[in-house]
Protein chains: 4
Amino acid sequence: MLSFENDYNIGCHPKILERLNEANFQTLSGYGSDIYCENAKEKIKKVCNCPTADVYFLVGGTQTNQVVIDSMLNQYEGVISAKTGHINVHEAGAIEFTGHKVLEVPTKDGKIIIDELEKYLETFYNDGNRQHMVYPGMVYISQPTEYGTLYSKSELEGLSKICTNYNIPLYIDGARLGYAIESKENDATISDITKLCDAFYFGGTKVGALCGEAVVFTKNNTPKHFITIVKQHGALLAKGRLLGIQFDTLFKENLYFEISKNAIKTAERLKEILRKKGYRFYMETPTNQQFIILENNKMEKLKEKVVFSFWEKYDEDHTVVRFATSWATKMEDVEKLNEVL
Amino acid sequence: MLSFENDYNIGCHPKILERLNEANFQTLSGYGSDIYCENAKEKIKKVCNCPTADVYFLVGGTQTNQVVIDSMLNQYEGVISAKTGHINVHEAGAIEFTGHKVLEVPTKDGKIIIDELEKYLETFYNDGNRQHMVYPGMVYISQPTEYGTLYSKSELEGLSKICTNYNIPLYIDGARLGYAIESKENDATISDITKLCDAFYFGGTKVGALCGEAVVFTKNNTPKHFITIVKQHGALLAKGRLLGIQFDTLFKENLYFEISKNAIKTAERLKEILRKKGYRFYMETPTNQQFIILENNKMEKLKEKVVFSFWEKYDEDHTVVRFATSWATKMEDVEKLNEVL
Amino acid sequence: MLSFENDYNIGCHPKILERLNEANFQTLSGYGSDIYCENAKEKIKKVCNCPTADVYFLVGGTQTNQVVIDSMLNQYEGVISAKTGHINVHEAGAIEFTGHKVLEVPTKDGKIIIDELEKYLETFYNDGNRQHMVYPGMVYISQPTEYGTLYSKSELEGLSKICTNYNIPLYIDGARLGYAIESKENDATISDITKLCDAFYFGGTKVGALCGEAVVFTKNNTPKHFITIVKQHGALLAKGRLLGIQFDTLFKENLYFEISKNAIKTAERLKEILRKKGYRFYMETPTNQQFIILENNKMEKLKEKVVFSFWEKYDEDHTVVRFATSWATKMEDVEKLNEVL
Amino acid sequence: MLSFENDYNIGCHPKILERLNEANFQTLSGYGSDIYCENAKEKIKKVCNCPTADVYFLVGGTQTNQVVIDSMLNQYEGVISAKTGHINVHEAGAIEFTGHKVLEVPTKDGKIIIDELEKYLETFYNDGNRQHMVYPGMVYISQPTEYGTLYSKSELEGLSKICTNYNIPLYIDGARLGYAIESKENDATISDITKLCDAFYFGGTKVGALCGEAVVFTKNNTPKHFITIVKQHGALLAKGRLLGIQFDTLFKENLYFEISKNAIKTAERLKEILRKKGYRFYMETPTNQQFIILENNKMEKLKEKVVFSFWEKYDEDHTVVRFATSWATKMEDVEKLNEVL
């Protein structure tokens, strides 16, 4: 069976296992205070071109969103998200669990419509009843989005400007950030992102790691007693080395970005194949997730040889499905798919 | 100044003060265990035509929604609401504060679109990713809605049937329930409502009381240790008499419904006047709230003589405003408004 | 039956009902923005001798503790309390419900032992593991305590100094504050209290009101968007007049303190009677609650003619019971009790 | 430097890395649904001698306690713990974060005093005010305790009986469960534990794994939609293989218990050495943690050659310190310590 089911169905980059092995019997202190964490943080700050950034390692994406959003919001605030944002749909209410509302704004292709965001904030601050409403306290976006689309640099600048005007932080979920950066359509560098937002994370789980996300607070704005807050959320890993070594490896010699290229390259070829074969795209996406519309009976047939994801019903006879590539996808599997199709 | 600003700007029905006075030096036990609470509960059960109903008194509407929803939901569940539902807009995130997501469904004229509700639930239970999503655990509606509109009996039956099919409770916010019942367009009696939903409340604050809402659990389904849950939410009133006496008065000799008629009668006359004068209605509403679209300069002029509520911007030159009547509105004030207009 | 069961079993001071009546048909704006609330706030600020104080009205004691503590704490902080503190025992977990731990310190006669508080804080800040612990973020005391005892002015100064040293607020639960102030043993004035703590409340429910507590933030330190936080907790009363009129009445011409004197006077006489009759006191208390140790069979007999509260089992044959007086207790009832005993 | 600082300062058992390596490029489904998780669950159920047990894998100890306790409690309930229990001291309020109070009962040597537990529950259910109190909804213990002590089988039976009588679950934190089982003083087998409690976990982090704890629900009592609750708490690991492979390795051929023996063997030798050298023990403990009382200047000297943990101040001149061994401690390091001492 060929698998294009998702981007977390393979282990990790082999160098990570190598280094976990090398360090295995080293005595290291816990909770992220070891030398590997320190080294990884330094490397990440360099990549961000931001010596004053503050870096923390957490285990998973939903956990990271929960801890970062809850720790940055005031208690009377909610977080603005695209209707299709991960925190609004696929985190089982992890944000609301911490007492905060997710405030939906109109969305197109997985992205917040910037004018609508501005309108939302303007309307809120003109509303005489706003004392009875949840204050918008942060803007959450994902780059790339859950639909594989990208915000351009100028769009990020637009979002950033609005956030600055309203004095609320911009937070970027970078679960697949490597795939955004290496996309051919991307024009926002890590350095740009660091400047334009208040916090973001480099996703490890979907980009070469077994687990782990690296949160960057970019503006000397780490919430006070952040480690205690992490612990309170049940999110503090005892053997911090597991995260430190992974990120130290991924950010050594640009590995994180190098391996991200493979996801893009294989996705581009996949797109080409699908296009040539006349498949209908649900959305144009420049990263590692491709959404196509299949006739139901054709879908059933394809399922016999290929694993992909159900996305949503399109109409009675058609279904939207997702093909995902990753750092680990083999080009030969894409070519095999070509034959199968 | 004439005031049509809202339906809670006058004290309470004079009989309530009379009876508070009479009972003032009676020694009564606390926390809702007094004789007035008992009597009020009996009267309400009779009005509901439901001897097995369970009645509790709380202080305000948001508090009631928070306590009832939080106590009826499982922790992995959220509550479905119209986009414009009070819990979704004007409760400052009181539901999310208790850890539960408010799940928006498409809405028309303040009401959940019933087909969309069904589609929402069907889609949810067909979604292979639903383990990662908030489970819909209740349907919340208000009768009348925040826009003064009404669900017909057949619509309530439709909602009830869907809830039964998906085994989730239907909860009705009755902050203005008296005004729904006495509306000329209403065809759902209290008895119908009691049968069709799992919990609802008779709003006192907006219908003759100084404060207080009477929650009815209709199906022998009071959450276990409900009093302790109420206390945990900071919502248990020590001198329960304040609520017991009010509801015992309001439900004696049909007073609650009798005084509700005045709100409808004055609203009907108001509507007639507005229509005659050629005002444009934002929405057709058969209860005590009337929404009209005013030219901004006309609005400013009117403000000099009448108090009403800003509702929302309509366009650059127009604004939607609300005129509200209540149990206490004097017909002569409506006639004075006629002259002013 | 004579009743000394508690201090909230009678309605309210008659002047309150009078004034509710007078204002009943006045059109007033909602949510605490009416003229009565404004006037009451001014009067309270004068009583506190603190023009920069900020005053808010809430409905009940547990609610007030919940809202004030949750809004003043950071998310990684808990609140220090006597083991016997109301928030630690009789609020059904209302503080934990908002995510904060109640941190017990050793207690004597209902009061925090001041040296133990200092030791607790010192130990915490010397603990190398404190990142994994709940930070002490506030000291909560009640004046008088749940056992009717009082902190002296010098004890309050001691607590205040410790709080200042550790930069955490001191919050005083004044559910029965009037009875503390009028106690013969009291040497801390309202003005002292205002200076020594960061927030406190004047309890209305147990001192002449039907409901209501008046929170005072004393140091220009009201939590940002406090009204929204109140709403989020389900604690914002629509008809704020109900609270405004009550406190405006209680703080007019010193009424709050005048009526408090009655509780003390009747309690003093009660104490004298009990002492003369040879009853054994469980604790020496200078306010309106008296705790005595009764033989069980004597207790059962007494129950036939007098209502009092079970407090706790003393040993196999004895029980601790509470007699409470209040602003409304009649001296003739105390004398009748004298005869019964 | 010799290190006896804690039991999580070494990586993992080498076989785990071997198997992570072998499986690295296998395509596996996510979120714990892979074959390794399945196999590990089967092995654990066999070890428990309980085919109907339900097993789940989580990442860390605090997270596990948070998720299990929150999902098993009703909202009006708290969890009973020893004063020194991990959830009460070193989890930064992770339990209160989910809205539940930790209810302290008197404690000796890290263990709940069983008679005091019974008294606590009896007193609670005899308290006429219990509606205003947090209901005790679970008993939490750790085996071994945070002080390295053990509950005997008969003590566990005592606790279990009380829990059964009061119809509340008994939950055992087994962060170091392997070290309890292999202790010479232990007489409660895994099979006993499975029968006597309602839920427990095998700690991986401190017993051979890089991370991970295996929760066992023993009585067909897994909370409904548990996976969704795990996700809601930010605790669901995408690449479940990381946990599945670790536990499949640890529970293959008894590895978990075999490696636990080393911690006990080295701790026993350590104890012997300390005793011979005349060190004063703070507590008698039969597992892998040893607590001794050192003169402060001696402690400072020792620190130059050995890493151990500060535990608490004993008096002005003495300190309690902890020496911990683990599955990875080398006997030669214990002998080196012998020389150093």
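These numbers come from the heavy atoms of this one structure, side chains and all, not from hydrogens, waters or symmetry mates. Computed from a predicted model, the values in this text were never measured in an experiment.
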Taking C:K239 for the side chain and B:T205 for the main chain, is one N or O donor matched with an acceptor at less than 3.5 Å? yes

Kindly compute the distance separating CD (C:E91) from CG (B:L236), expressed to the nearest 0.5 Å. 11.0 Å

Test item: C:K231 side-chain N/O and B:T62 main-chain N/O as donor-acceptor pair under 3.5 Å: no

Rounded to the nearest 0.5 Å, the OG1 atom of C:T98 sits from the NE2 atom of B:H233 at a distance of 11.5 Å

Once rounded to the nearest 0.5 Å, what's the spacing between atom CG of B:N6 and atom OH of C:Y31? 7.5 Å

Gap separating the CZ atom of C:F97 from the CD1 atom of B:I229, nearest 0.5 angstrom: 9.5 Å

Does some side-chain heavy atom of B:L242 sit less than 4.5 Å from a side-chain heavy atom of C:L242? yes

Has the side chain of B:Q232 got a donor or acceptor atom that lies under 3.5 Å from a matching backbone atom of C:E96? no

Segment of C:T27 engaging chain B (4.5 angstrom heavy-atom cut-off): both

Could you give the distance from CG (B:N24) to CG (C:L210), rounded to the nearest 0.5 Å? 6.5 Å

Pairwise distance CG(B:N9) to CD(C:Q26) - rounded to 0.5 angstrom: 11.5 Å

Sort B:Q66 into side chain, backbone, both or neither according to what part of it lies under 4.5 angstrom from a heavy atom of chain C. side chain

Tell me which of these, C:P14, C:S3, C:S29, C:G240, has more heavy-atom pairs under 4.5 Å with chain B than the rest. C:P14

Parallel under 30°, tilted from 30 to 60°, perpendicular over 60°: which one fits the rings of C:W327 and B:F25? tilted

Okay, C:I10 and chain B: the region with an atom under 4.5 Å from a heavy atom over there is both

Side chain / backbone / both / neither for B:T228 at chain C, heavy atoms under 4.5 Å: both

Using heavy-atom distances under 4.5 Å, tell me whether B:L20 contacts chain C through its side chain, its backbone, both, or neither. both

